[in-house]
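Working notes, structure below.
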There are 2 protein chains.
Amino acid sequence: MAIKDRKERDKLDRRKLIIKSATKLFLEQGYEKTSIRSIADDIEYSPATIYLYFKEKDEIFYEIHEQGFRLLNKVFIDQGHIADPFERLVSLGRLYLAFGLENPDYYDLMFIMRAPLTEIKCNSKWIVGDDSYGYLLDTVQDCLKHQLLPAGDPDIVAMTIWAYAHGLVSLNIRERLQSLSADVTGKDHLMQSMEYFLNSMKV
Amino acid sequence: MAIKDRKERDKLDRRKLIIKSATKLFLEQGYEKTSIRSIADDIEYSPATIYLYFKEKDEIFYEIHEQGFRLLNKVFIDQGHIADPFERLVSLGRLYLAFGLENPDYYDLMFIMRAPLTEIKCNSKWIVGDDSYGYLLDTVQDCLKHQLLPAGDPDIVAMTIWAYAHGLVSLNIRERLQSLSADVTGKDHLMQSMEYFLNSMKV
DNA sequence: CAAATATACTGATCACTGTTCAGTAAATGA
DNA sequence: TCATTTACTGAACAGTGATCAGTATATTTG
């Protein structure tokens, strides 16, 4: 049965090849411009072949979507050592902002784009995102315990903070801040805003 | 020269006809599914005709984009009578949230979608959005004057509040809240979040 | 070993998209 | 009356995601 095993490995390899190429093209030119044909061209297979490994275009990009979350988790993971909960929260905020600005395409896929997750998938695998949200929730709960944030339901508080951070990043990515009366574009102003936000929240 | 006038009026009428049809189809089925051909079908003209009145698809949807801002302005405009600045701010927040949830397609076009505003247009006409932002900025300045919000640059403060509200609405529209550990979906939870946010900010 | 079957892949095609352009028919101006 | 402008269109271009009958190779079975 070794042959069968090898074949299965080969099949997975080809799947990975597709994802690798798709990721490369995606980071170069974004989701919309990365066509099935361009991926096929890149890996030197027929477009039809890709549909033997993925049901639809979205399924390929769901993998990249997951990669993005793994990336964000990696960024978050070694903040646990910060003892002060509020300091940890500040650090998470900074990192989230930096992640969004440095990986706008990943961020887009993860949080802005019309979800590439039709059907059941949504329940079964969205869980990857839970890790990142988990860090936030834990930190928020710590802050609440030490009364560093105004009392409230931890989930509501975490969602509130996330909503703020997401709003900041996504307004920036989609260039909605350029029209404001004052010029608040640029990373400095975004950081100023985040400091203002967190300091205002601090009890 | 009356004939020429009539002709110009007719031309504007046809332009309006296109926009009207585009709006109808857009609100029925969203941006992506509203094709030039479907608009042409609806108004019983050839697809090519549409390009005599609009340079590109985005130009049509820029009009709808403006309609959206006029709608939001109309919602905001009669909040000026609320005397207490902070109460006014709360009211603006509520209205913004309600607008986003009740008009997700408009909201999408206005604040989420990859901007349908290539080139110069961005400088010349984005100003429509300034009205709505103006209400927010005025209210924020009032709040700062009466020390109802933590001191800070008015533009940064306004942007911070807007970012929060936008984050809340857009995470909801793009269904990113469903994956959270607790079920924070639903208008109630969003309102709870907004109350928590604004109360936390209040000095 | 030979025949039947399973695997991996592809070219062609479908139905769609935004956009362009040569051509037409009618209204207008000289 | 004839030239010109105006308003419009059919057909096409180049691209998209997706499908499917067909093919060539490899494996399993009698």
Side-chain angles (χ1 to χ4, degrees), chain A residues 1-19 21-22 25-26 28-65 109 113-119 121, chain B residues 1-19 21-22 25-26 28-65 109 113-119 121:
Chain A
M1 283 299 121
I3 293 176
K4 211 168 189 175
D5 287 3
R6 194 214 63 214
K7 287 219 164 185
E8 269 179 33
R9 259 183 291 124
D10 286 0
K11 199 155 182 171
L12 279 176
D13 281 354
R14 256 162 281 134
R15 210 186 131 93
K16 279 182 189 166
L17 183 67
I18 295 171
I19 296 172
S21 165
L25 294 173
F26 166 74
E28 270 171 30
Q29 37 183 340
Y31 175 83
E32 309 227 320
K33 291 205 169 177
T34 304
S35 66
I36 297 292
R37 277 172 182 79
S38 66
I39 298 172
D41 265 20
D42 188 55
I43 61 173
E44 294 175 300
Y45 278 84
S46 149
T49 302
I50 291 176
Y51 286 91
L52 300 175
Y53 295 88
F54 297 91
K55 191 184 148 246
E56 54 193 351
K57 194 188 176 188
D58 277 356
E59 202 173 304
I60 304 175
F61 283 84
Y62 185 77
E63 305 279 334
I64 301 178
H65 174 106
L109 210 54
M113 275 187 61
R114 194 140 262 141
L117 41 88
T118 28
E119 302 167 53
K121 195 169 256 178
Chain B
M1 282 299 120
I3 293 176
K4 209 168 190 176
D5 286 3
R6 193 214 64 213
K7 286 217 166 189
E8 269 180 33
R9 258 182 291 124
D10 286 0
K11 199 156 184 172
L12 279 176
D13 280 354
R14 255 162 281 135
R15 210 185 131 95
K16 279 182 188 166
L17 182 68
I18 295 171
I19 295 172
S21 166
L25 293 173
F26 165 74
E28 270 170 32
Q29 36 184 341
Y31 175 82
E32 309 226 320
K33 291 205 168 178
T34 304
S35 66
I36 298 292
R37 278 172 181 79
S38 66
I39 298 172
D41 265 20
D42 188 54
I43 60 173
E44 295 177 299
Y45 278 84
S46 149
T49 302
I50 292 176
Y51 285 89
L52 299 176
Y53 295 88
F54 297 92
K55 190 183 148 247
E56 54 192 352
K57 193 189 176 187
D58 277 356
E59 202 173 305
I60 305 175
F61 282 84
Y62 185 76
E63 305 278 334
I64 302 179
H65 174 106
L109 209 54
M113 275 188 62
R114 194 140 260 142
L117 41 88
T118 27
E119 303 166 53
K121 195 168 258 179

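So that the names make sense, note that chain A is the first sequence line, chain B the second, and so on, each numbered from 1.
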Tell me every residue that passes side-chain hydrogen bond (donor to acceptor under 3.5 Å, both in side chains) with [X], counting only those two or more places apart in sequence or in another chain.
{"X": "B:R37", "answer": "none"}
{"X": "A:S46", "answer": "none"}
{"X": "A:T49", "answer": "none"}
{"X": "B:Y53", "answer": "B:R14"}

*Short N-O contact, B:E63 and B:R15, less than 4.0 angstrom*: yes

_Heavy-atom side-chain contact between A:Y51 and A:I36 under 4.5 Å_ = yes

*So, do B:I60 and B:F26 sit near enough that their side-chain heavy atoms are less than 4.5 Å apart?*
no

Using atom [atom1] of [X] as one end and atom [atom2] of [N] as the other, report the distance to the nearest whole Å.
{"X": "A:L12", "N": "C:dA8", "atom1": "CG", "atom2": "P", "value": "11 Å"}
{"X": "B:E56", "N": "C:dT20", "atom1": "CD", "atom2": "C1'", "value": "14 Å"}
{"X": "A:R14", "N": "C:dT7", "atom1": "CZ", "atom2": "P", "value": "13 Å"}
{"X": "A:L52", "N": "D:dA24", "atom1": "CG", "atom2": "P", "value": "18 Å"}
{"X": "A:F61", "N": "D:dA18", "atom1": "CZ", "atom2": "P", "value": "11 Å"}
{"X": "A:D41", "N": "C:dT10", "atom1": "CG", "atom2": "P", "value": "12 Å"}
{"X": "B:I18", "N": "C:dG18", "atom1": "CD1", "atom2": "P", "value": "14 Å"}
{"X": "B:D58", "N": "C:dT19", "atom1": "CG", "atom2": "C1'", "value": "13 Å"}

*Report yes if at least one side-chain N or O of B:Y53 is closer than 4.0 Å to OP1 or OP2 of D:dA7; otherwise report no.*
no

*Residue whose closest nucleotide on DNA chain D lies nearer the 5' end, A:Y51 versus B:I50*: B:I50

_So A:F54, base contact, sugar-phosphate only, or nothing? Heavy-atom distance under 4.0 Å._
nothing

*asked:* Any residue in residues 42-49 of chain B with a heavy atom nearer than 4.0 angstrom to DNA chain D? Just list them by number, or reply none.
replied: B:Y45, B:S46, B:A48, B:T49

Tabulated below should be each protein N or O lying under 3.5 Å from an N or O of nucleotides 13-16 of chain D; please produce it.
| unit_1 | atom_1 | unit_2 | atom_2 | d |
| --- | --- | --- | --- | --- |
| D:dT16 | OP1 | A:S35 | OG | 2.9 |

_B:L25, B:T34, B:L17, B:I18 screened by side chain to side chain contact (heavy atoms under 4.5 Å, CB included) with B:D42, the one that passes_ = B:L25

*Just report the end-to-end axis angle for the helix from C:dC1-D:dG30 to C:dA30-D:dT1, five pairs per end, to 10 degrees.*
30°

*Looking at residues at least two apart in the chain, or sitting in another chain, which of them share a side-chain contact (heavy atoms from CB on, under 4.5 Å) with A:D41?*
none

*Which atoms form the tightest heavy-atom contact between B:H65 and B:L109, and what is the distance?*
ND1-O, 3.4 Å

*In chain order, what residues pass the ring pair (Phe, Tyr, Trp, His ring centres under 6.0 Å) check against B:F54, with sequence neighbours excluded?*
none

